[in-house]
Structures are given as C-alpha cells and as structure tokens.
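Per chain, numbering begins at 1; letters A, B, ... match sequence-line order.
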Protein chains: 2
Amino acid sequence: MMGCGVGKSGKGERSVRIGELSRRSGVSVATIKFYVREGLLPPGELTSPNQASYDSGHERRLKLIRALLDVGGLSLSAIGDVLRTIDDPAQPVHHVLGVAAKRITAIEGSEPGPELDDAREEVAELLERRGWRVEARSPAGEALAGVLAALRRAGHGGFCELLDDYASAAEPVARADLDYVGRRVAREDLVESVVVGTVLGEAMFSALRRLAHVDASARAYGGEQGERDGGG
Amino acid sequence: MMGCGVGKSGKGERSVRIGELSRRSGVSVATIKFYVREGLLPPGELTSPNQASYDSGHERRLKLIRALLDVGGLSLSAIGDVLRTIDDPAQPVHHVLGVAAKRITAIEGSEPGPELDDAREEVAELLERRGWRVEARSPAGEALAGVLAALRRAGHGGFCELLDDYASAAEPVARADLDYVGRRVAREDLVESVVVGTVLGEAMFSALRRLAHVDASARAYGGEQGERDGGG
DNA sequence: GATTATGGATAGTGAGACTCTCCGCTATCC
DNA sequence: GGATAGCGGAGAGTCTCACTATCCATAATC
C-alpha cells in the first residue's frame, strides 16, 4: 500500500532530505518519520542504506495531511483511509467523496430509539420534498437523522424547522463544489480536490456562517451606525 | 460555580436518584459521576450523607452535554466553558455565541506566514464587499483566514474562488438561525438555543451539504432515470 | 437481614498524536 | 582525514482526553 501517485517527479526534479522537507512543510522530522511509519506518507527513495530523498510530492502530501488534520479536524486514521482511497486509481471518484464525507463526522451510530426512527422518516420526507436523488439511509442521510434525533433529545426539536432553510442554502454550495471539482482534469488533482473541498469547504462555510451570525446579530440588536462587533 | 439555572424545579417535581437518571439519559452512572466531578453537571441535592436526588434539569443538562459532545464534537473542556457561560446570567447573549463559536473549531493559531497575512487581507476584502459589520480580526474572521491559508498551502488556493458563493449561502442560514433564536423568551432557553443552534446547526448543514453533493453528483454524472446513489 | 444502590474518592485504562532516545551509518566542512 | 552534524529505522516514553474500575461506608429495598 501507499506510494503510488505521490511523486510524479521524473528524475531530474529537485529532491531533498528529510531535514529540508521538515523545514519546508513546517512539520518536525520526528513527526515526518512517524507519518511514514503509520503509512500516511510514502518513504523517501533510498539512495544508500541510510539515506533517502524526498520530492515535491512528499511535500504536497505532507501539507495535505496537515490541512486535513488541523483545519479539517480528521483523525490520522481517517486521513489514512482517505489517502489510500486517493491513491487507488481503481476507486471511482464518487467513492472518494463517500470516504472523505464519511470520515468527517464522528456520529457513530447515534444510539437508536424512537427519535432516530422519526428522524429517519423526516429525512426521507425532506429528500422526497426536494427531489434529491439520494438514499435516505446513505451515510449522509444517517448523519442528518442523527443530528435531528440529537436536537429532539436535547429538547431543541424546534430547530428542525430550519431544515428547509438549511437545505436551500446547501444546494448552491454543493453545486459550486461540484463545479469547482469539475474543472480539474487529471484524476489525481480531481480526487484531491474532492477531499479538500469536502473537508476544508466545511470549515470554510462554518467560519462564514459565524461571521454572518455576528453581522446579523449586529444588525438586529446593535447600533445603527456602522459599529462593529468582534464577538464571534 | 455551576448549579445555577439548571433545575428550575420547584419542590414537588419528580426527582430521582442517579440510577434512574442514568437510565433516562443513556449515560452510565460512572460517567455521570465523572461529569459532576468535572463540574459539567451540578451535583444532586443531598437528602442524606450519601444519597442525592436529581431533577429534570439534570436530565436536560446531561442530554445537552451528550449532544454537544457526540454530535457537535466539542471537547469536555469546551463544553465546560460553554455551560459556565450559559449559567452566568451576567453574560450578554452575544458573548455566549462568541464562546460557543470559538470553541467549535480547533484552528489554534494556524501558524503564521505570508499565506496567513494574505488570507487576512482577503477576509477583510470579503467583509467590505458584503458589508458585513464584523471585525476582520474577530475569532470567526481569524478562523476563516486560517482555512484560506491552509487551502493555499495545500495547493488548493483555487477553492477560495468559491468564497462568495459560500458567503451568499451563509447569509440566509445566519438569518434563519437568528430568527429561530429570537423566538425564545426566557434567557435560559434563548442562550441554550444559541449554543445548540451554533453547534448542532453546523452538523446539520454539514450533513445536508453532503446529501446535496450526492444529489448534484448523481445529476451531473449519473443516469437520467431516477436512479439513486448512496455514495456519500 | 441480605442484597443492591449510592456518594465520594482514587487509581487505572485505551486511544490518539506525537516525542525521545538510541543505533550505526553518511555527508560535509575544515 | 577527522570532527561534527544529519540521517533512516526502531522502540519506548509522554501527554491529553474521556472515560472506567475499584473501594468504602452508608442507605434503600425486598
């Protein structure tokens, strides 16, 4: 496993040793070694029994790992899954999206109960209502049902009323994502875009939503003059 | 600290011992004890040196903790911060939103560099362009800058082109959130709604976005007949 | 009156993400 | 050609997090 698709470098490309790779990526040598041991990063090419060289593919991969870890909040094992899927040329692109998406949210099982059954029903109705061509029991559907059930259990079932407002906002975002991804040509780029878009796009929207909260809150409750509030 | 605002029970209300609280909430007795020790849950009212009773406020609080933990993905220490803010009647509501929001995203610092400065600039321009009344250096603004910088570093700076699409989607979502929150009357309810809305709303949008991805992908690449795909 | 549950305290666990140390070897500078 | 810094590889150690287990003396329940 591993080791495919990472370095499309020929032979004349600039290749470096681990210290320089560390400096360029901002990841400590010890951590790079650790990632290699864990199979997240392919080992460098040995030039002698204890000397290896790393190329720009390693650097890129390393930055991807850090982005998924720090910004996307994925676990290393989730990142491993995602990277293995990226590197497997046999995987269809929509499957990559599936793996990336599945590993984002924790929501494991979301313990069963009547709320969960109701929530599943509600998800099915939503999909019907909006004409989305998705199985209600798909991972994303289950995740949504889990959230709805949790809202109900926490005594905030009323929040589910916003489902359609949220869905209306999610549609154009998804279209924009697909459109962005569709502009890639090479499979490798495309597939990485899917992952980055899914994971970091989430963080991006999240930050924007909070900015919009602060703005909306300032408009609703704040002064009329252009005063600003750093609250969120 | 703690212990205020949780049980608005009078005296005639149904109060139970820890075993029953555990059964109702689905949280083990050992874990409930642990939460009490950690200050996340106020202790039960002692009826004798080693006997205490818990009311519906405890049950509600417990379910809130589990929702924030399991669905929202907050850490216990973040949950502690949030709960303390909820329980402090002196905290203005927008500050609660700030605390809830700040603790969602990890993004600590997002190591500095030219990308981060550029990203901050880009955030400021976005805010200007959209007329959002928010400080660019607010926590949410910094989070966004961190995401943009990470995208650039990962070699996917092109994704930043979607910023305005995302912002356009975030606006109505934020309005819907505020509108929902605004319908609450009691401070306690209001403040809890803010937290739940911020944290679980994020999970809800995330699931919807993924559902919309699957749908959009099916439309773009899938068959014309109503075939469905459970891929994401 | 035996069994089970309870409150409170201390200690232990297992996963996750590193970080440290050691080894014998290699590259590099003077 | 010798000192010194860096290297690859492996194992063990560390720190945080979210629990979980154990113990004890007392209380509730059958």
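When the side-chain nitrogen and oxygen atoms of Y35(A) are compared with OP1 and OP2 of dA17(C), none of them lie within a distance under 4.0 Å. For S48(A) and dA27(C), the shortest distance from a side-chain N or O to OP1 or OP2 is below 4.0 Å. A sub-4.0 Å separation between OP1 or OP2 of dT19(C) and a side-chain N or O of T31(A) is present. For dA17(C), the OP1/OP2 oxygens have no side-chain nitrogen or oxygen of R66(A) closer than 4.0 Å.
As judged by a 4.0 angstrom heavy-atom cut-off over every strand, R23(A) is placed among residues making no nucleic acid contact.
In this structure, OH of Y54(A) is placed 16 Å from P of dG6(D), rounded to the nearest angstrom. Rounded to an integer number of Å, the gap from E45(A) CD to dC7(D) C1' is 16 Å. The distance between atom CD1 of I65(B) and atom P of dA18(D), rounded to the nearest whole Å, is 12 Å. Rounding to whole angstrom units, CG of residue N50(B) and P of dT6(C) are separated by 11 Å. Computed from coordinates, the F34(B) CZ to dA18(D) P distance equals 7 Å when rounded to whole Å. Rounded to a whole Å, the CD atom of E20(B) is 22 Å from the P atom of dA27(D). In this structure, the CZ atom of R17(A) is 5 Å from the P atom of dC7(D), given to the nearest Å. Regarding I18(B), its CD1 atom lies at a distance of 14 Å from the C1' atom of dT20(D), rounded to whole Å.
Looking at heavy atoms from C-beta onward, F159(A) lies out of side-chain contact with L148(A) at the 4.5 angstrom threshold.
A donor-acceptor contact closer than 3.5 angstrom is absent between the side chains of E59(B) and S25(B).
Place S75(A) and P49(B) on DNA chain C by their nearest nucleotides, and P49(B) ends up nearer the 5' end.
Checked against dA18(D), dG8(D), dA17(C), the side chain of L76(B) finds its nearest nucleotide in dA18(D). Closest contact between the side chain of R37(B) and the listed nucleotides dT20(D), dC7(D), dA18(D) involves dT20(D). Looking at the side chain of Q51(A), the nearest of the listed nucleotides dA25(D), dA18(D), dA27(C) is dA27(C).
Here the options are D177(B), V181(B), V96(B), the test is side chain to side chain contact (heavy atoms under 4.5 Å, CB included), and the partner is S193(B); only V181(B) passes.
Using a 4.0 Å cut-off between charged side-chain N and carboxylate O, R84(B) and D87(B) make no salt bridge. Under the 4.0 Å criterion applied to side-chain N and carboxylate O atoms, R60(A) and E188(A) are not assigned as salt-bridge partners.
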